[in-house]
2 protein chains.
Amino acid sequence: MEKEITIYDIAKDMGVSPTTVSRALNNHPAVNAKTKKRIYDAAQEMGYQSNIFAANLRKKKTNNIGVIVPRLNSNFQSSVIAGMEKVANEAGFNLVISQSLDSVEKEIANANTLFNSRVDGMLVSLANTTESIEHYNRFFKKGIPTLFYDRVADHPACTGFVIDNTQAGYKVTQHLIEQGCKRIVHVIDNIDINVYADRLKGYKYALLDHDMPFDESLVIFSNLSEESAEEIVEQVKKLDPLPDALFISNDACAASCLRPLKLAGFRIPEDIALVGFNNEISSRLVEPNITTINYPGYEMGELAMKNLINHLEGKSIGVLSKTNKITLRSELIIRESSLRKKYSPQPT
Amino acid sequence: MEKEITIYDIAKDMGVSPTTVSRALNNHPAVNAKTKKRIYDAAQEMGYQSNIFAANLRKKKTNNIGVIVPRLNSNFQSSVIAGMEKVANEAGFNLVISQSLDSVEKEIANANTLFNSRVDGMLVSLANTTESIEHYNRFFKKGIPTLFYDRVADHPACTGFVIDNTQAGYKVTQHLIEQGCKRIVHVIDNIDINVYADRLKGYKYALLDHDMPFDESLVIFSNLSEESAEEIVEQVKKLDPLPDALFISNDACAASCLRPLKLAGFRIPEDIALVGFNNEISSRLVEPNITTINYPGYEMGELAMKNLINHLEGKSIGVLSKTNKITLRSELIIRESSLRKKYSPQPT
DNA sequence: CACCTTTATGAAATCGGTTGTATTTTAAAA
DNA sequence: TTTTAAAATACAACCGATTTCATAAAGGTG
């Protein structure tokens, strides 16, 4: 390959110093407007490309933001990342993305890689098996802003963006109770993850507030995948007495349960009311449409990135360090799958 | 912040030269095993972190791979990226991802940003409005391997990973014809994109091979979003005579059409057979299940990344430069939505 | 016209690894 | 013990932009 053009080449060509070239190209006020123009044009013409390594080396900044997600090919996560990318892109930051595939080891390895590649900030959604966040200590210590979202840890250093999962769980359960459901099954993933723990909490609170007993056997654990639907329905069928509602913590999984449920002879919502979570497209496609919680992933991504960048640019010193949780609004979207009383409010 | 530990600090501490430290940490064969161990331990203990900028500056390599996609929050694209990330991660490369949001301007801007950040290689799926790929000339000229996938351009420099969209379009159409369909509507996005142009070609070829006329009014253009389903159905209803099959180039869109079609009084597949594309979860959720083409996104991502990395590591000199298209196997998955003859072969 | 600002430019050190070449040490051969 | 090859280590020049501090030129004031 041909040798790269540097500011030294430009400087020599134009009879000025590299300093001036550097300043001119960075639009430094101390350089004469005419000189700037001349240098800029020359750089253009010579096909100059700034060498970020050198600049980074000197400035100790990368303009890169590291992102760690459990998996990229999830409806929710890809929305979040889309939102992040949009904001980052507009602000001139790059996204360096890696996935933990829900493995702590991979998460740690990725965190280290990103640390070593000197990202300016971090956005993290924890793997479902991650219990400690000490592998982020290096970031904390070095003052690299590290924000968490969705799946956050219960740790003072862990500033995070979440929805109020307890409230959401409460709302869903309350809605089902209002629809006359007496035995509500709640399907969740790992209880160690805040989102599921909180939803379960909301579920319990709602039962309590309506003087209904909490029955442990009605909580089913599942990885909430499309494939696990069959097994969930199997477990449901074995319950005695049978439940009259299913609150499944993921739309795609809830939608996938619909067919096996029908095949087993259940009418939805008459025999069993069904509620999902996330407001994914799948909840809108199936019949009946599935009641769900709107989980604003794209907005969460935008907001998290906005805050991170503001922080990096010094526009909000202290805001994040003093905050621990930023909660986004979520809402119950009532659809056919849980509407057992036709006069019920806001049937969307 | 405290000052960083450098190889010079380590060197001074241990009474060796920075050269030896550098070599030791890079496991260079010319350093004595014992020395290596000592240096490595010392580095560990002192909390040394290698400065990639300095290394990059010297080595002229980043270990970063740039990715440009139309949008991240799409089922197909997020699968592709998940596959890419997995392979890249294992090989020690980072992914720098940006989305064009289907705007040429943004695509050009992103390409420039990635070029300036000196990625070692590029993986690109073009925006639907991109006609020229001259904004990748800088990469070509500089010898930065740049691969395209899915949405590729018809250009000699454009090595790409694709499925045989013509064949897929042909297979679908042929299948519909075999099911007795006479008027098949084909819904696609921008004809300038290879994937849609090719599918349409396959559609035409199949008609031709079965002595059926090509009727231009049966080709409907749409952005294939969930929201556009209503409008597609509206257009279909206006056709006279009515069609008896819909071949929609995207599962989510096809699935979204199902309800409006039913509401309009069409029985699926008796009145209208329905076929989608991509084998997304949505095609499996709805009733009837939708016949589709399996489009292996994850595998495409893996394969594209593998090839790129092999190329970067010099393991396959020339393979890519001599290749123009690498075609992945795709297959027709026949489901209820198009099965009008019960004795039809391979009902999956 | 001497003196003080303001504006513009430059010299040189710096960021921290990497690597070609030279030098020293060690081991093996004579 | 001397010679010679091999192994281990060191020197010093890079990579290319940034930035502090110094200096020169231009402009303004009494």
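Below, chains carry the letters A, B, ... as their sequence lines are ordered, and counting in each starts from 1. Both backbone and side-chain heavy atoms feed into the values below; hydrogens, waters and symmetry mates do not.
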**Q** Mind checking side chain to side chain donor-acceptor pair (under 3.5 Å) for Lys306(A) and listing every partner two or more places apart, or none if nothing turns up?
**A** none

**Q** What residues, two or more places apart in sequence or in another chain, satisfy side-chain contact (heavy atoms from CB on, under 4.5 Å) together with Ala91(A)?
**A** Phe93(A), Ile309(A)

**Q** Roughly how bent is the helix from dC1(C)-dG30(D) to dA30(C)-dT1(D) end to end, in steps of 10 degrees, with each end axis from five pairs?
**A** 40°

**Q** Treat primed atoms plus P, OP1 and OP2 as sugar-phosphate and everything else as base, then score nucleotides 14-22 of chain D 5' to 3': B for base contact with protein heavy atoms under 4.0 Å, S for sugar-phosphate contact only, - for none.
**A** BBBBBBBB-

**Q** What residues, two or more places apart in sequence or in another chain, satisfy salt bridge (Lys or Arg N to Asp or Glu O under 4.0 Å) together with Lys86(A)?
**A** Glu302(A)

**Q** Going by atom type alone, with no hydrogens or angles, which donor-acceptor pairs under 3.5 Å involve a side-chain atom of residues 44-53 of chain B and a protein atom two or more places apart or on another chain?
**A**
from, atom 1, to, atom 2, distance (Å)
Gln49(B), NE2, Phe115(A), O, 2.8
Asn51(B), OD1, Phe53(B), N, 2.8
Asn51(B), OD1, Ala54(B), N, 3.3

**Q** Which part of the nucleic acid does Val21(A) contact within heavy-atom distance under 4.0 Å: base, sugar-phosphate only, or nothing?
**A** nothing

**Q** Hey, can you pull the residues of residues 27-45 of chain B with a non-hydrogen atom under 4.0 angstrom from DNA chain C?
**A** none

**Q** List in chain and number order the residues that pass salt bridge (Lys or Arg N to Asp or Glu O under 4.0 Å) with Asp192(B), two or more places apart in sequence or in another chain; answer none if no residue qualifies.
**A** none

**Q** Which residue pairs satisfy the salt bridge (charged side-chain N to carboxylate O under 4.0 Å, His left out) criterion with at least one member in residues 56-72 of chain A, sequence neighbours excluded?
**A** Arg71(A)-Asp102(A)

**Q** Check this one for me: any side-chain N or O of Thr20(B) less than 4.0 Å away from OP1 or OP2 of dT9(D)?
**A** no

**Q** Can you give each donor-acceptor pair under 3.5 Å made by side-chain atoms of residues 14-24 of chain B, sequence neighbours left out, with the distance rounded to 0.1 Å?
**A**
from, atom 1, to, atom 2, distance (Å)
Ser17(B), OG, Thr19(B), N, 3.4
Ser17(B), OG, Thr20(B), N, 3.2
Ser17(B), OG, Thr20(B), OG1, 3.2

**Q** Between Asp9(B) (CG) and dT14(C) (C1'), how many Å, whole number?
**A** 15 Å

**Q** Test of understanding: with salt bridge (Lys or Arg N to Asp or Glu O under 4.0 Å), list the residues that count as partners of Lys37(A), not counting sequence neighbours.
**A** Asp41(A)

**Q** Please enumerate all residues that pass side-chain contact (heavy atoms from CB on, under 4.5 Å) together with Ser78(A), with sequence neighbours excluded.
**A** Asn73(B), Ser78(B)

**Q** Do Asn112(B) and Arg138(B) have a side chain donor and acceptor closer than 3.5 Å?
**A** yes

